[in-house]
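Structure first, commentary second.
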Number of protein chains: 2
Amino acid sequence: MADDPADAPPPARLGAGTLEATPPSGTPVAGRASGTGAPTLEDVARVAGVSRATVSRVVNGQRRVAAEIQAVVREAIATTGYVPNLAARSLVTRRTGAVIVVVSGAEEQGSPSTIDFADPFFGRVVGGMLRALRPHDVDPILMLAETDFDRSRVISSLRNGNADGALVVSTRGEDPMPALLVEAGLPAVVFARPGRPIPLSFVDVANRDGARLAAEHLVARGCRHVAAISGPLDVPSAQDRLSGFQDAMARHGQAFVPTAGGNFTYESGLAAMTALLDGYGDLDGVFASNDLMALGAIEALQAAGRRVPEDVRVIGFDDSSLGALSRPALTSVRQPIEEMAAEMARILLDTIADPGRRVTSTIFEPTLRIRASA
Amino acid sequence: MADDPADAPPPARLGAGTLEATPPSGTPVAGRASGTGAPTLEDVARVAGVSRATVSRVVNGQRRVAAEIQAVVREAIATTGYVPNLAARSLVTRRTGAVIVVVSGAEEQGSPSTIDFADPFFGRVVGGMLRALRPHDVDPILMLAETDFDRSRVISSLRNGNADGALVVSTRGEDPMPALLVEAGLPAVVFARPGRPIPLSFVDVANRDGARLAAEHLVARGCRHVAAISGPLDVPSAQDRLSGFQDAMARHGQAFVPTAGGNFTYESGLAAMTALLDGYGDLDGVFASNDLMALGAIEALQAAGRRVPEDVRVIGFDDSSLGALSRPALTSVRQPIEEMAAEMARILLDTIADPGRRVTSTIFEPTLRIRASA
DNA sequence: CAAATCCGCGAGAGCGCTCTCCGATCCTGG
DNA sequence: CCAGGATCGGAGAGCGCTCTCGCGGATTTG
């Protein structure tokens with residue numbers, strides 16, 4: 001890979017400030033000997049007057065090493081500025097200390113899934129994983145898996161020992177990624193129950209319970225004609241949220257819940273609400289399967305002259321920052337995303353440590369975050 | 001890449017007994033011989049009846065290899081299901097094919113910077129980097145750098161060859177990360193001009209131009225008494241946005257611009273606007289240095305009975321998805337974040353390929369995204 | 001037709017680390 | 001005071017890969 005002038009020419013170059021790159025004078029490298037630049041175990045051993053093996057033992061704390069020698073070695077490590085070469089280590093240990101965080105989904109024409117990352121949801125998940133991984137000194141490698149090629153790249157990375165396992169968060173129901181992982185027998189944990197049952201660990205939120213919470217709240221607030229805006233029904237969570245909501249409403253006397261389908265986007269929520277309003281003018285409550293759609297629904301409601309929450313109450317799902325900032329602030333079912341992500345990391349780490357382990361799943365309880373919209 | 005399950009040359013064994021629920025019968029692993037599990041170069045060489053070196057040449061396409069032999073080798077690779085062991089490769093090449101993406105900032109008490117990731121800004125930057133890195137087969141390792149410990153971990157990772165370089169996006173002005181990187185002589189590129197001048201490549205947006213755009217738009221819309229809500233002034237971009245705005249307003253006849261300081265959060269925007277309203281009741285236009293603060297400002301304005309945009313026009317900076325979704329939709333100065341992130345990746349890759357390269361900076365031109373709020 | 005050239009392949013030496021032996025030292029009990 | 005056991009450091013063999021070097025055969029040139 002030399003240079004590729006074919007790459008998108010960077011637009012609008014104004015100033016091109018060029019400073020002389022300073023030769024790092026004060027780099028704490030000392031007492032090396034080999035030609036490459038970085039001090040090696042060998043170098044430390046020489047300085048400390050011990051063997052490579054002993055230094056290794058001190059570094060990894062594997063076997064007891066006499067306190068005295070340990071001090072000498074640590075001293076030598078400090079003066080040489082030694083840091084272990086992870087490539088060499090993982091070559092022999094067959095562990096990389098890295099996991100792949102896969103943001104996966106089927107490719108959608110024209111929707112560069114920048115959207116993925118613009119959605120705070122992914123940020124929260126990734127953030128939660130990072131925090132859980134960090135104390136274990138495990139690095140997260142971020143990969144997008146939109147195309148089959150991407151997915152095979154993930155599998156390859158794992159197979160060739162670039163990473164020890166995968167944490168998958170899918171955007172769609174029929175994502176092939178989980179199945180591929182299982183097929184290859186690779187350690188992995190996914191966010192949300194996979195579309196079809198496969199032996200793979202996952203964490204999820206009790207979607208039906210969350211939907212019930214929403215239903216009960218609407219009922220308690222006096223709503224008598226409520227509708228639902230669902231996500232794509234091939235996604236299990238969307239399915240559960242809808243059916244959970246319908247069931248709960250049925251228990252409270254509303255046997256039929258007018259429903260419109262969306263795809264978790266703002267626009268689809270707007271469209272769904274508009275359609276709903278068309279057929280059912282007397283609605284006084286709406287449950288949307290995520291916040292983005294709920295926001296779209298509010299927009300449609302307001303455009304139709306309905307006030308939220310006075311005329312129609314709206315509840316979302318996710319408790320995203322978007323909903324907290326919008327006006328009226330969105331009442332929403334909160335899933336403890338960060339904790340869920342942390343749990344994923346924990347399960348994966350366990351699985352890596354003990355590959356024989358059976359698959360597990362952890363279901364988290366949602367809570368209702370009451371704000372202004374309902 | 002069709003591999004028929006029929007052609008399994010030597011007795012294929014995979015780590016059986018690890019999975020329990022599925023018998024993964026069709027795993028594409030076949031034709032190994034060594035004990036570890038994954039086929040090695042050696043295995044491929046044996047199957048193809050050539051030397052290790054030749055297989056390596058085919059894999060890396062480095063030197064001419066007879067087409068005929070090449071075919072045989074590729075065949076062997078396919079039947080063995082060979083994937084190169086990256087650890088072994090990077091041990092000798094001293095390249096890892098990975099870069100660290102550092103989300104950095106000073107530690108703040110009580111604010112678990114989940115906020116970082118909930119802010120769509122980071123998502124967009126990271127997404128842009130991912131896309132630019134992918135075609136080069138470079139993997140991004142995500143790391144948070146909040147504490148000194150985190151930062152030294154980043155430096156260590158780089159120094160011990162865990163990654164080839166760093167892409168840094170800082171949240172604050174006096175972030176120590178850039179300086180540390182320069183000090184250690186490590187390849188790195190930062191997002192936005194560093195707080196103090198150091199020999200480090202960066203990309204940025206022409207903040208002053210963006211602010212000018214906002215000023216001119218407000219003036220064109222008839223605003224005569226405009227105020228500014230700035231970010232923390234130790235951040236160069238916040239400084240430039242403010243002074244750029246002030247200068248542009250001065251050119252248009254408003255020599256004094258009432259200003260309140262915020263820290264890029266919603267709450268600070270709200271507080272700043274409230275304070276501004278206190279002192280200057282006749283404001284008819286506001287420029288906030290980012291969208292979050294602009295949103296807070298609008299909230300304050302509405303709370304004070306001012307209509308947006310009828311009474312007061314508001315312009316933000318960032319063109320974030322938050323602003324697009326809020327009502328009234330936020331007019332904002334757009335910086336091409338994804339392209340900027342891609343350019344960062346490009347510069348870093350160049351720097352890694354040619355470490356002697358001098359530092360460069362690329363400044364992008366902002367544009368005004370006109371929506372409802374101004 | 002012989003000599004010079006070139007091209008493509010194989011042999012082999014490590015890259016920096018871990019980890020299994022083994023030998024040396026020390027401690028303990030008889 | 002010595003045998004036996006426990007403890008701790010050293011030597012050395014690779015992990016899987018790349019890359020330099022050199023050699024043989026094909027091709028070209030005098």
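- Contact annotation: A/S56 side-chain N/O to C/dT18 OP1/OP2 distance is under 4.0 Å.
- The side chain of A/A53 approaches C/dC19 more closely than any other nucleotide in the set C/dC19, D/dG16, D/dC17.
- Taking atom CZ of residue A/R89 and atom C1' of nucleotide C/dC19, one finds them 13 Å apart after rounding to whole Å.
- Between B/E68 atom CD and C/dG8 atom C1' there is a gap of 13 Å when expressed in whole angstrom units.
- In this structure, A/N85 places its CG atom 14 Å from C1' of C/dG14, rounding to the nearest Å.
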Between protein and nucleic acid, restricted to nucleotides 5-9 of chain D and to nitrogen or oxygen atoms under 3.5 Å apart, what atom pairs and distances do you find?
from: D/dC8; atom 1: OP1; to: A/R64; atom 2: NE; distance (Å): 2.8
from: D/dG9; atom 1: OP1; to: A/A66; atom 2: N; distance (Å): 3.0
from: D/dG9; atom 1: N7; to: A/R57; atom 2: NH2; distance (Å): 3.3
from: D/dG9; atom 1: N7; to: A/R63; atom 2: NH2; distance (Å): 2.8
from: D/dG9; atom 1: O6; to: A/R63; atom 2: NH1; distance (Å): 3.2
from: D/dG9; atom 1: O6; to: A/R63; atom 2: NH2; distance (Å): 2.4

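- Going from atom CG of A/D43 over to atom C1' of C/dC17 covers 13 Å, rounded to whole Å.
- Comparing B/L91 and B/G49 along DNA chain C, the residue whose closest nucleotide (by nearest heavy atom) sits nearer the 5' end is B/G49.
- Not counting sequence neighbours, the partners of B/N60 by the side chain to side chain donor-acceptor pair (under 3.5 Å) test are B/S56, B/R89.
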Salt bridge (charged side-chain N to carboxylate O under 4.0 Å, His left out) between B/R153 and B/D150, intermediate numbers included: CA-CA 5 Å; B/R153 235 175 82 74; B/D150 293 340; 5.6 Å; no
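- For the pair B/R94 and C/dG16, the criterion of a side-chain N or O lying under 4.0 Å from OP1 or OP2 is met.
- Atom pair B/R46:CZ and C/dG10:C1' shows a separation of 16 Å (rounding to whole Å applied).
- A/V83 meets the side-chain contact (heavy atoms from CB on, under 4.5 Å) test with B/S156, B/R159, B/N160; sequence neighbours excluded.
- For A/N60, a side-chain nitrogen or oxygen approaches OP1 or OP2 of C/dT18 to under 4.0 Å.
- The side-chain contact (heavy atoms from CB on, under 4.5 Å) search around B/E42 returns B/T40, B/R46, B/R52, not counting sequence neighbours.
- Counting to the nearest Å, the C1' atom of C/dG12 and the CG atom of B/L41 are 15 Å from each other.
- When atom types are taken as modelled, the side chain of B/S361 and the backbone of B/F202 share no donor-acceptor pair closer than 3.5 angstrom.
- Residues passing the side chain to side chain donor-acceptor pair (under 3.5 Å) test with A/S51, sequence neighbours excluded: A/T54.
- With sequence neighbours excluded, the residues that form a side-chain contact (heavy atoms from CB on, under 4.5 Å) with A/D164 are A/R95, A/T96, A/I352.
- Proximity note for A/R52 (side chain, C-beta onward) versus D/dC19, D/dA11, C/dC17: the nearest is C/dC17.
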